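Nothing here was measured: the structure is a model prediction, and the numbers come from that model.
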Amino acid sequence: MRNEPYRTATNRIESDRTVKDERVIMPVASPYVRIPDEDAWRGDGPLLPEGVCRVADGALGATRLLGGDFARNDEGKVLVAAFDFDGTCIQGNSPVMLVRSLARRRMLAPSVIARILGWGIAYKTRLPQNEAWVRGLVFRAFAGRPANEVNQFLYDFYDRAIDARFRPDAEAEMAAHEAAGHAVVCVSATFEPIVAAAMQRHPIQYAIATRMKVDFQGTYTDEVEGEPIEGAEKVTVLNRLCDELFGAGQWELAWAYGDHHSDRAMLAAARNAFAVTPDRPLTRTANAEGYDILEW
């Protein structure tokens with residue numbers, strides 16, 4: 001697959017000739033408003049606010065944006081731009097940073113940290129790994145604690161350790177897509193509250209991320225709800241979300257951005273695929289398939 005001619009974020013999206021409906025979605029007063037249900041986020045409810053979750057009705061974008069419709073292609077389909085998070089939108093890997101922080105705080109047992117490190121070594125050698133298992137190990141630090149308390153912890157962790165790593169080029173690319181009326185979706189394997197925090201500060205309209213189970217008492221467990229949003233699962237949940245938002249057959253994955261070989265499935269599903277500071281396997285795929293390589 002070879003991309004169509006693609007220009008810089010500042011002028012390329014504005015002059016995209018595939019856009020039929022040029023009405024621009026206008027943001028509310030502050031560029032990236034806070035999640036509307038502050039009580040649910042801050043401590044009076046067990047779950048994340050409505051809309052900041054995997055494949056949900058009434059996603060946050062419907063609250064963030066006022067007026068206008070999404071831009072559509074010549075076939076009348078909503079144009080979607082999907083972004084991976086770790087390594088693409090931010091410099092680094094948020095789960096790895098979280099493990100380091102938890103280890104410094106002695107919130108994980110040394111034996112658990114050793115098992116996580118062993119998993120990481122095997123992952124780097126591209127051996128088959130159980131994604132849900134390692135996320136469960138990380139969340140042993142939070143198992144049995146109220147979900148709202150953990151969400152606040154991860155929200156603060158994002159502010160403290162991650163937001164400064166958000167790539168300016170990713171911000172500009174997302175903002176250009178949003179200004180052109182495209183639906184901006186973040187699809188990530190990281191933990192849901194981390195991406196939810198990023199939604200409050202950057203032009204992310206919809207998000208899909210890995211969710212951990214909450215028990216009947218409103219406390220987190222160390223089990224993943226469903227599947228981690230990794231590899232081919234990204235395409236599955238992205239299809240489900242966009243079908244729900246825009247209607248089956250009424251949208252097109254026009255752009256996809258990823259940095260890692262595990263993003264291959266999402267990039268292959270897009271009309272225009274972009275390898276962002278890619279690892280070696282994805283670089284080989286990008287060269288073979290004609291994807292643009294972006295150095296952010």
Query raised in the report: With respect to Phe83, which candidate in Trp255, Phe166, Tyr257, Tyr206 satisfies the ring-ring contact (aromatic ring centres under 6.0 Å, His included) definition?
Result: Tyr257
Query raised in the report: Does the side chain of Asp169 come within less than 4.5 Å of Glu295's, by heavy atoms?
Result: no
Query - Donor-acceptor pair, side chain of Asp279 and main chain of His261, under 3.5 angstrom - result: yes
Query raised in the report: Tell me the salt bridge (charged side-chain N to carboxylate O under 4.0 Å, His left out) pairs involving residues 246-266, sequence neighbours left out?
Result: Lys234-Asp263, Glu252-Arg271
Query raised in the report: How about Lys77 and Arg72: do any of their side-chain heavy atoms sit closer than 4.5 Å?
Result: no
Query raised in the report: So, do His182 and Phe70 have ring centers that fall under 6.0 Å from each other?
Result: no
Query raised in the report: So, Asn148 and Gln152: side-chain donor and acceptor under 3.5 Å apart, yes or no?
Result: no
**Report entry** Flag, side chain of Arg167 to backbone of Gly87, donor-acceptor distance under 3.5 Å
**Finding:** yes
Query raised in the report: Can you hop from Ile293 to Met266 via hydrophobic side chains spaced under 4.5 Å?
Result: no
Could you tabulate the donor-acceptor pairs under 3.5 Å formed by side-chain atoms of residues 89-101, not counting sequence neighbours?
residue	atom	partner	partner atom	Å
Asn93	OD1	Val96	N	3.0
Ser94	OG	Asp86	OD1	2.7
Ser94	OG	Asp86	OD2	3.3
Ser94	OG	Thr190	OG1	2.7

Report task. Would you check if Ile116 and Leu108 make a side-chain contact, meaning some heavy-atom pair closer than 4.5 Å? Result -> yes
Query raised in the report: Judged by modelled atom types alone, do Asn272 and Tyr291 share a side-chain donor-acceptor pair under 3.5 Å?
Result: no
Report task. May I ask you to check whether Phe142 and Phe139 place their ring centers less than 6.0 Å from one another? Result -> yes
